[in-house]
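In what follows, a structure is listed as structure tokens, so that the remarks can point back to it.
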Amino acid sequence: MNLVYRSTRNGEETATASEAILKGLTSDGGLFVPDSIPKLGVSLEELADMSYQETAYAVMKEFLTDFTEEELKSCIRNAYDDKFDTEEIAPMVKVGDAYYLELFHGATIAFKDMALSILPHLLVTSAKKNHVKNEIVILTATSGDTGKAALAGFADVPGTKIIVFYPKSGVSPIQEKQMVTQKGDNTYVIGIRGNFDDAQTSVKRMFANKELEKEMNEAGCQFSSANSINIGRLVPQIVYYVKAYGNLLKKGALKEGEPMNVVVPTGNFGNILASYYAKQMGIPIGKFICASNKNKVLFDFFQTGSYDRRREFYVTTSPSMDILISSNLERMIYRITGNDPEQCAQFMQALTTDGVYTITEEMKKGLSEFYGGYATEEETAAKIKGVYEQYHYVMDTHTAVAAVAYDKYKNDTKDETPAVIASTASPYKFTRSVMDAIQPGAEDATDFELVDALKEISGVDVPKAIEEIRTAPVLHDTVCDIDKMEDEVKHILGI
């Protein structure tokens, strides 16, 4: 049986998995959601002994039902190979009373690699399946990590171009250097004078622009997305939560059927939504602890039921979470409205026009498994320092936000359920903030001097992704205003 995907805003628009992956967004600006969340076809007991690749196939075959076994296994084999720097693709490390799920051992040392290693293969396969002759143009906004991971995944992939917009003053120096040194004849990186929400809103507007779509089609190209708004990004993220449960069983930390809690540093809501989908597939998860930084729009939403983006935007030390419009929350809103596209569309329209929407008390009950927590900048730095001093374990700023939120959750609830904290980036990606927390006073040091200092104190080798950019030349230096983003795209595509 093929799983049908629908628009969150229009019940009439449907697609197969491969069509949804190709399109990225629905024609009305909504997101594709599966008609139902399929159940996992293997037992919890079996999960304990499965490899990452086997787990990926078990999860993804249930969602990507129009892919053949051979197609899907080929995509998985090409994605999850020796580009990861540990034998285990997503190792788990116990630090104190929590398990840190290290999702940063891929080519660009952030969790986005987990899905963006496979998305190019899924996309190219989808294009062949649907007899697409157009060049696929990946158009993406990034708050720092998606950009580099997408660029690395799509660099020199035949039949594709990738255009990444990022906030010029809203990413870490290492994140920026990773992007602007990206090789590949089909890669384009543009800084914008604005924040991530500005970039994401403009990208969505281009996807919905019918005139631009017509011009592109005449030029032999079409848009797709590498953000987690694309179901082909979201489905692979479910895999590591399923694998984490298997790992806890294998370690004896859980007995079969006992729940784990999940703690996720959250900006765009895709990563935590993937864990929610894992639960719907049959993985026993108790609470979803949604961790926010100073831009705590999600924390306030879980507290009040009102999603209100009309607030000051803060640039923090955890820039990948500096987001006020969490796009993937739309999929959750659709679910708690009882899969009502009309109601969901009204909420999203209100967010666009008024900057706020408020869900009903009945809908709030649908979020009872979620706990909102947040960390101040001071709490984040103190957590990095405290964990380093107590356990000699170094975490990045985003992971520290999650760890602070977990502490608050435990303090509030006294819940001792084993917890998995999604560790979303290597500390080397945010070296200055991490070193400022552990050993303040090196303001005059360069970022790469701080990299070497971090290696000294942590004993962890500098990742290849960092060594590669030390002396790499800048290949992308375009910066534009928000209202010129479409002009830049047209210039690149020659239309």
* To do: Measure the acute angle between the ring planes of Tyr100 and Tyr393, then classify it against the limits of 30° and 60° as parallel, tilted or perpendicular.
  => tilted
* To do: Could you please spell out the steps behind the side-chain hydrogen bond (donor to acceptor under 3.5 Å, both in side chains) verdict for Gln200 and Asn268?
  => CA-CA 10 Å; Gln200 181 168 252; Asn268 222 7; 3.1 Å; yes
Polar side-chain atom of [X] near backbone of [Y] as donor-acceptor pair, under 3.5 Å:
X      : Y      : result
Ser326 : Asn328 : no
Tyr388 : Ile457 : yes
Tyr241 : Asn271 : yes
Arg309 : Ile323 : no
Glu377 : Thr317 : yes
Asn227 : Ile229 : no
Asn293 : Ser318 : yes
Asn230 : Ile21  : yes
Asn295 : Tyr314 : yes
Thr140 : Ala226 : yes

With a 6.0 Å cut-off (strictly less than), is the heavy-atom count around [atom1] of [X], excluding the residue itself, greater than 12?
X      : atom1 : result
Asp156 : CG    : yes
Lys255 : NZ    : no
Gln303 : CD    : yes

* Begin with the C-alpha distance, continue with both residues' side-chain angles, and end with the deciding distance and a verdict on side-chain hydrogen bond (donor to acceptor under 3.5 Å, both in side chains) for Ser423 and Thr399. => CA-CA 5 Å; Ser423 185; Thr399 307; 3.1 Å; yes
* Take Ser327 and Lys204, measure what side-chain hydrogen bond (donor to acceptor under 3.5 Å, both in side chains) needs, and give me the verdict at the end. => CA-CA 10 Å; Ser327 285; Lys204 283 183 169 181; 2.8 Å; yes
Between [Y] and [X], is the closest basic N to carboxylate O distance under 4.0 Å?
X      : Y      : answer
Lys408 : Glu379 : yes
Lys161 : Glu135 : yes
Lys385 : Glu389 : yes
Lys177 : Asp447 : no

Can you find a heavy atom in the side chain of [X] that is under 4.5 Å from one in the side chain of [Y]?
X      : Y      : result
Leu254 : Pro418 : yes
Leu47  : Ile283 : yes
Lys243 : Val59  : no
Ile421 : Met395 : no
Asp198 : Phe313 : no
Val315 : Pro167 : no

Under the side chain to side chain contact (heavy atoms under 4.5 Å, CB included) test, residues paired with [X] that sit two or more places apart:
X      : result
Asp81  : Lys83
Phe370 : Phe269, Ile272, Tyr276, Phe288, Phe302, Met332, Leu367
Ala152 : Thr108, Gln182

Euclidean distance, [Y] [atom2] relative to [X] [atom1], rounded to 0.5 Å:
X      : Y      : atom1 : atom2 : answer
Asp407 : Ile289 : CG    : CD1   : 10.5 Å
Leu25  : Ile231 : CG    : CD1   : 11.5 Å
Lys414 : Asn411 : NZ    : CG    : 4.5 Å
Thr431 : Leu450 : OG1   : CG    : 7.0 Å
Lys294 : Tyr374 : NZ    : OH    : 10.5 Å

* To do: Start with the C-alpha distance between Asp300 and Val297, add both sets of side-chain angles, then the distance that settles side-chain contact (heavy atoms from CB on, under 4.5 Å), and finish with yes or no.
  => CA-CA 5 Å; Asp300 292 339; Val297 65; 5.9 Å; no
* To do: Give a yes-or-no answer on whether the side chains of Asp412 and Tyr371 include a donor-acceptor pair shorter than 3.5 Å.
  => yes
* **Working for side-chain contact (heavy atoms from CB on, under 4.5 Å), residues Tyr240 and Ser275** => CA-CA 9 Å; Tyr240 46 76; Ser275 68; over 6 Å; no
